[in-house]
Amino acid sequence: MCGIVGCIGQRDTVPVLINGLKRLEYRGYDSAGIAVLDGGISVVRRLGKLKELEEALLTGAPSGQIGIGHTRWATHGKPSEENAHPHLDCTGNLAVVHNGIIENFIALKEELQAKGHVFGSETDTEVIAHLVEEKYDGNLLEAVKAAIKELRGSFALAVISKHEPDRIIAARKDSPLILGIGEGENFIASDVPAILGYTRSVIFLDNDEIAEVTCDGVKITTFDDIAVNREIFTVNWDDEAAEKCGYEDFMLKEINEQPTAVRETIRSSFVGGDVRLDTASHLTEDIIKGLNKIFIVACGTSYHAGLVGKNAIENWAGIPVEVDISSEFRYRNPIITKDTLVVAISQSGETADTLASLREARARGAKVIAISNVVGSSITREADGIIHTHAGPEIGVAATKTLVSQMAAIYTLALYLAQVREAMPKAEIDKLIAEVKALPDKIAAVLADTSVIEECARRFSECRSFLFLGRGIGVPVAMEGALKLKEISYIHAEGYAAGEMKHGPIALLEKAVPVVVVATKGHTYEKVISNIQEVKARDSYVIAVATEGDEEIKQQAEYVFYVPETPELLSAIPAVVPLQLLSYYIAKIRGCNVDQPRNLAKSVTVE
Ligand code: GLU
């Protein structure tokens with residue numbers, strides 16, 4: 001998720017590592033560190049920004065020609081100096097940096113501890129160092145390969161060892177890693193900007209590939225020992241374009257990262273056919289069985305994830321749910337008992353009103369689950385249980401990949417509650433688990449062809465007002481579509497329950513007000529079609545989000561954005577994606593800064 005950089009050559013590696021890490025700062029991080037081969041291995045790590053690390057290096061910095069560096073964005077274990085990378089084995093002769101998540105780290109850690117390995121951090125990463133130590137028999141490459149065979153999850157990693165002080169071993173599976181080819185020196189990095197100051201010759205490692213990087217060259221094989229001959233790519237991007245991986249903006253990059261974000265979020269939720277919540281151990285099965293009310297509290301986009309959660313939890317787990325805007329909940333005297341669960345959703349985990357709601361709820365005796373994208377954030381520290389969305393840092397102010405990850409997290413929670421309370425037959429839960437797992441591919445299918453959305457954006461970018469309508473699970477999707485549009489393009493937009501249109505918004509309708517209708521297949525589909533008729537009768541143009549294969553809707557709508565078929569309650573995820581893209585393209589045509597819309601802050605830490 002965050003930054004790796006490594007360098008091997010003739011020059012002192014420390015400035016190269018620090019410069020490289022600075023170029024990766026945009027990815028977001030909470031701590032940083034380096035390890036340098038200088039006869040032994042010297043490690044310097046600090047919590048906080050790179051300037052803390054730089055300050056630490058002012059006094060007695062190590063120096064050496066081989067080194068690895070890391071900016072960490074915690075997924076397992078709070079942000080702290082002990083948890084910052086690089087991590088060492090028991091002997092201190094081997095250092096590892098890692099991006100990603102080792103899903104089976106608990107089992108591996110227990111095995112390694114039983115063999116006498118002593119751990120110094122709470123991270124999943126540290127098992128890699130001890131596992132390589134365990135496998136080492138005089139050949140670092142082979143030891144890393146053997147260790148990798150036992151890892152489940154996602155990783156980009158780099159390993160150095162005192163015993164082989166002429167190489168860095170680098171490997172990747174599902175997390176990015178590149179090699180930079182210099183003259184008499186070579187580099188590794190999570191991303192191109194880190195090495196642009198030194199070389200423009202780059203090799204992109206693929207999944208399941210491992211590289212042995214020396215001063216003179218790189219040797220790549222697959223994890224199964226098949227030699228890989230990859231062409232060298234010459235980068236002609238400038239620094240800024242490189243940070244965005246060639247995308248025009250962070251927002252577009254993050255929209256395109258949504259399949260990965262959802263995959264990472266649900267990665268460890270389904271084990272052996274069961275739903276599992278890793279970090280909710282204070283919520284015993286008895287507490288969950290005794291719940292008689294759930295409040296979901298959130299602000300902005302997260303509130304829309306909450307509305308999706310209400311639908312899923314009520315339908316699957318049979319518990320009444322109320323969704324509250326945090327700034328209302330905290331002041332409105334909600335009725336809370338010890339059998340109430342409060343689910344607080346905040347991307348940053350620092351949203352002031354959500355944090356205050358959580359405290360209020362706990363003071364009144366409720367149990368609280370926090371859903372956050374930031375490990376160690378305030379709401380996670382104060383909750384009884386945590387579900388982390390593993391979307392990675394989001395730079396664009398408008399939430400995209402964190403929203404779909406929150407939705408995925410709350411679907412998981414709903415299934416977990418249903419499972420514990422035996423509210424649904426197991427076979428039905430199994431079917432839904434399979435469908436949740438299929439969501440990343442469905443998002444990818446929507447992202448694969450955006451031409452209709454772009455054309456529609458061009459057609460309507462001058463309009464001054466939009467209406468978004470939906471029913472059931474389509475309501476939060478419509479609300480999110482409207483929010484996204486107003487946030488980044490400054491066009492007035494309202495998201496409404498379609499049945500409410502007659503009670504007010506219909507008065508706004510005219511040719512110049514396009515109406516976006518979420519019309520995916522579901523039990524209210526016919527009703528939505530009737531609403532479309534009502535819109536058309538007032539001369540407004542209809543833009544529909546519909547299920548693939550629904551040919552008839554083409555007669556009703558000016559533009560149709562098709563999304564793959566999904567069980568009704570899960571359709572919020574694929575259906576919201578075209579609406580994010582519509583706002584994005586409209587905002588771009590209007591010349592707006594989509595990454596930093598005016599007046600908005602990424603994390604709202606004031607009331
Ligand atoms: N899972 C690892 C940790 O929590 C790596 C996180 C990252 O990618 O920065 O330390």
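This is a predicted model, so every value here is computed, not measured. Read the numbers this way: they start at 1 and go in the same order the structure lists the ligands and their atoms.
- For the pair Asn83 and ligand 1, the shortest N or O to N or O distance does not fall below 3.5 Å.
- At a heavy-atom cutoff of 4.0 Å, ligand 1 is contacted by both the backbone and the side chain of Asn99.
- Under the side chain to side chain donor-acceptor pair (under 3.5 Å) criterion, the residue pairs touching residues 30-43 are Asp38-Ser42, with sequence neighbours excluded.
- Near His70, with a cut-off below 4.0 Å to any heavy atom, the atoms of ligand 1 are 9 (O).
- Contacts between Thr125 and ligand 1, counted as non-hydrogen atom pairs separated by less than 4.0 Å, involve the side chain only.
- Taking any N or O of Ile101, backbone or side chain, none lies under 3.5 Å from an N or O belonging to ligand 1.
- For the side chain to side chain contact (heavy atoms under 4.5 Å, CB included) with Lys367, the qualifying choice from Val343, Val342, Asp384, Ile288 is Asp384, the only one to do so.
- When only interatomic distances are considered, the shortest N/O to N/O separation between Thr123 and ligand 1 does not fall below 3.5 Å.
- Within the listing of ligand 1, atoms 2 (C), 3 (C), 5 (C), 10 (O) sit less than 4.0 angstrom from a heavy atom of His85.
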field: Working for side-chain contact (heavy atoms from CB on, under 4.5 Å), residues Leu21 and Ile34
entry: CA-CA 10 Å; Leu21 292 178; Ile34 58 168; 4.3 Å; yes
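- No more than 12 heavy atoms of other residues, nucleotides or ligands lie within 6.0 Å of CZ in Arg23, so this atom counts as exposed by the packing criterion.
- In this structure, Gly77 falls outside the shell of residues with a heavy atom less than 4.0 angstrom from ligand 1.
- Not counting sequence neighbours, the partners of Ala194 by the side chain to side chain contact (heavy atoms under 4.5 Å, CB included) test are Val5, Leu24, Ala189.
- Side-chain contact, Glu257 with Tyr247: no donor N or O sits under 3.5 Å from an acceptor N or O.
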